[in-house]
Amino acid sequence: MFVGLNIALLVVFADQISKYFMLHKVLGEQVVVYVAPFFNFVRAWNTGVSFSMFNNYGNWGVWALSGLAILIILMLLYWLKSEKSFVAQIALGMIIGGAIGNVADRIRLGAVFDFLDFHIGESHWPAFNVADSFICIGATILILQSVVAYFKQKKGVKDE
């Protein structure tokens with residue numbers, strides 16, 4: 001559990017520092033900073049969930065989504081407490097830290113600050129942030145770990 005909690009703390013720190021730096025030092029009053037033909041820094045406020053779904057529910061949505069996220073964080077902490085796999089502990093720490101970083105934004109700012117904007121021509125992927133990145137990486141690790149475990153089990157290979 002110790003490993004996962006430390007990873008979560010590092011993720012929260014990296015997320016909040018990156019958001020502060022981008023908002024106050026890089027973007028300033030600008031809405032977009034062009035970095036490369038496929039990448040910009042942007043000022044985007046997400047009051048909804050992933051990819052701005054449920055973005056139109058005002059304060060009720062902010063508090064409902066924050067409450068749901070806190071419940072999920074508590075469930076992930078419970079999972080982390082009993083998790084034996086070092087890799088899974090790291091992945092859970094990434095997800096928990098990312099979720100805490102985004103909940104902190106919702107509670108403090110009323111929305112999650114997203115600033116990474118990848119695009120091809122005029123087609124833009126929804127803007128995201130460091131917390132979102134860690135949540136996706138952690139979830140991918142958990143999925144890959146369970147796929148590997150499944151195939152090991154099918155072959156009769158014991159986990160060491």
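Keep in mind the model is a prediction, meaning the values are calculated, not measured.
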Rounded to the nearest 0.5 Å, how far does [atom2] of [Y] lie from [atom1] of [X]?
X	Y	atom1	atom2	value
Q145	K152	CD	NZ	9.0 Å
I73	L68	CD1	CG	10.0 Å
L76	L142	CG	CG	8.5 Å

With hydrophobic residues grouped by side-chain heavy-atom distances under 4.5 Å, do [X] and [Y] end up in a single group?
X	Y	answer
L80	M75	yes
F118	V33	yes
W125	F115	yes
F134	F21	yes
L74	I72	yes

Check for a donor-acceptor pair, side chain of [X] on one end and backbone N or O of [Y] on the other, with a separation under 3.5 Å.
X	Y	result
D132	F128	no
R43	Q30	yes
H119	G121	yes

Show the nearest heavy-atom pair for residues [X] and [Y], with the distance to one decimal.
X	Y	value
T47	G110	CG2-O, 3.6 Å
V42	L27	O-CD1, 3.3 Å
S133	L116	OG-CD1, 4.5 Å
I95	A139	CD1-N, 3.6 Å
D114	A127	OD2-O, 3.5 Å
M22	F113	CB-CE2, 4.0 Å

Knowing that exactly one of Q89, E83, K81 qualifies, which makes a side-chain contact (heavy atoms from CB on, under 4.5 Å) with M1?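 Running side-chain contact (heavy atoms from CB on, under 4.5 Å) over Q89, E83, K81 with M1 returns exactly one hit, K81.
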Can you list the steps and then say if V35 with F41 is a side chain to side chain contact (heavy atoms under 4.5 Å, CB included)? CA-CA 7 Å; V35 178; F41 293 128; 3.5 Å; yes
Within a reach of under 6.0 Å around [atom1] of [X], are more than 12 heavy atoms found that belong to other residues, nucleotides or ligands?
X	atom1	result
I120	CD1	no
F13	CZ	no
F39	CZ	yes

With the side chain counted from C-beta on, respond yes when [X] and [Y] share a heavy-atom pair under 4.5 Å apart, and no when they do not.
X	Y	value
L92	W79	yes
D105	Q16	yes
W63	I107	yes
V11	V130	no
V3	F86	yes
I135	M94	no

Please test L5 against L77 for side chain to side chain contact (heavy atoms under 4.5 Å, CB included), starting from the C-alpha separation and ending with a verdict. CA-CA 9 Å; L5 291 177; L77 285 167; 3.7 Å; yes
Do F151 and K155 pass the side chain to side chain contact (heavy atoms under 4.5 Å, CB included) test, and can you show the C-alpha distance, the side-chain angles, and the key distance before you say yes or no? CA-CA 6 Å; F151 283 110; K155 286 187 171 188; 5.8 Å; no
Evaluate V112 against V103 for side chain to side chain contact (heavy atoms under 4.5 Å, CB included), listing each step before the verdict. CA-CA 8 Å; V112 176; V103 167; over 6 Å; no
Side chains of N102 and N129: do they bring a donor and an acceptor to under 3.5 Å? yes
